[in-house]
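To start, the structure itself, in structure tokens.
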Amino acid sequence: MIVRVVAKNYVKPEKVQEFLGLCKKLVDSSLKDEGCIDYGLYQELENPGILTFLEEWKDEKSLDQ
């Protein structure tokens, strides 16, 4: 069973660039994990301080690892 995760983050305006830098490493690393189908970070256009991770995993075991 495919597992999907939605994780919304509210970031202070002065911390958005720092957060994006940290997240790039997380996304790049997670995409290499076995069982990861898709993993992305999306930034709202109207409010750049709202960033949402959308993850898709092969199964719950893959997500847990």
Side-chain angles (χ1 to χ4, degrees):
M1 170 175 37
I2 292 177
V3 176
R4 292 183 178 98
V5 177
V6 178
K8 190 172 271 196
N9 299 271
Y10 297 87
V11 182
K12 294 179 181 179
E14 66 273 11
K15 296 290 185 177
V16 169
Q17 289 307 313
E18 180 181 351
F19 186 81
L20 287 170
L22 294 170
C23 291
K24 180 176 178 1
K25 295 175 187 175
L26 175 64
V27 170
D28 290 346
S29 174
S30 295
L31 286 169
K32 296 175 186 172
D33 288 343
E34 186 174 333
C36 181
I37 297 169
D38 192 29
Y39 198 111
L41 178 66
Y42 302 88
Q43 187 174 30
E44 289 195 10
L45 295 175
E46 292 180 12
N47 186 344
I50 300 177
L51 296 112
T52 304
F53 286 102
L54 299 179
E55 308 173 31
E56 190 170 65
W57 298 87
K58 181 177 80 172
D59 52 30
E60 196 166 338
K61 182 180 176 188
S62 298
L63 173 63
D64 290 342
Q65 292 178 349

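- Shown here are the side-chain contact (heavy atoms from CB on, under 4.5 Å) partners of Ile2, two or more places apart in sequence or in another chain: Arg4, Ile37, Glu56.
- In this structure, Asp64 CG and Ser62 OG are separated by 9.0 Å, a value rounded to the nearest 0.5 Å.
- Two residues are said to be in side-chain contact when any heavy atoms from C-beta on lie closer than 4.5 Å; Phe53 and Val27 meet this criterion.
- The hydrophobic clustering, which links ILVMFWY residues whose side-chain heavy atoms are closer than 4.5 Å, places Val16 and Leu41 together.
- The two residues Tyr39 and Leu31 have their closest heavy-atom pair at N-CD2, 3.5 Å.
- When side chains are defined from C-beta on, Leu54 counts as touching Tyr42, because their heavy atoms get closer than 4.5 Å.
- The existence of a salt bridge linking Glu18 and Lys12 is excluded, since no basic side-chain nitrogen approaches an acidic carboxylate oxygen closer than 4.0 Å.
- In this structure, Leu45 and Pro48 approach most closely via the heavy-atom pair O-CD, 4.2 Å.
- Side-chain contact between Leu51 and Leu20: present, with at least one pair of heavy atoms (C-beta onward) separated by less than 4.5 Å.
- Evaluated for a side-chain contact (heavy atoms from CB on, under 4.5 Å) with Trp57, the options Lys61, Glu55, Glu60 yield exactly one hit, Glu55.
- Applying the side chain to side chain donor-acceptor pair (under 3.5 Å) test to residues at least two apart or on different chains, the pairs with a partner in residues 26-35 are Lys24-Asp28.
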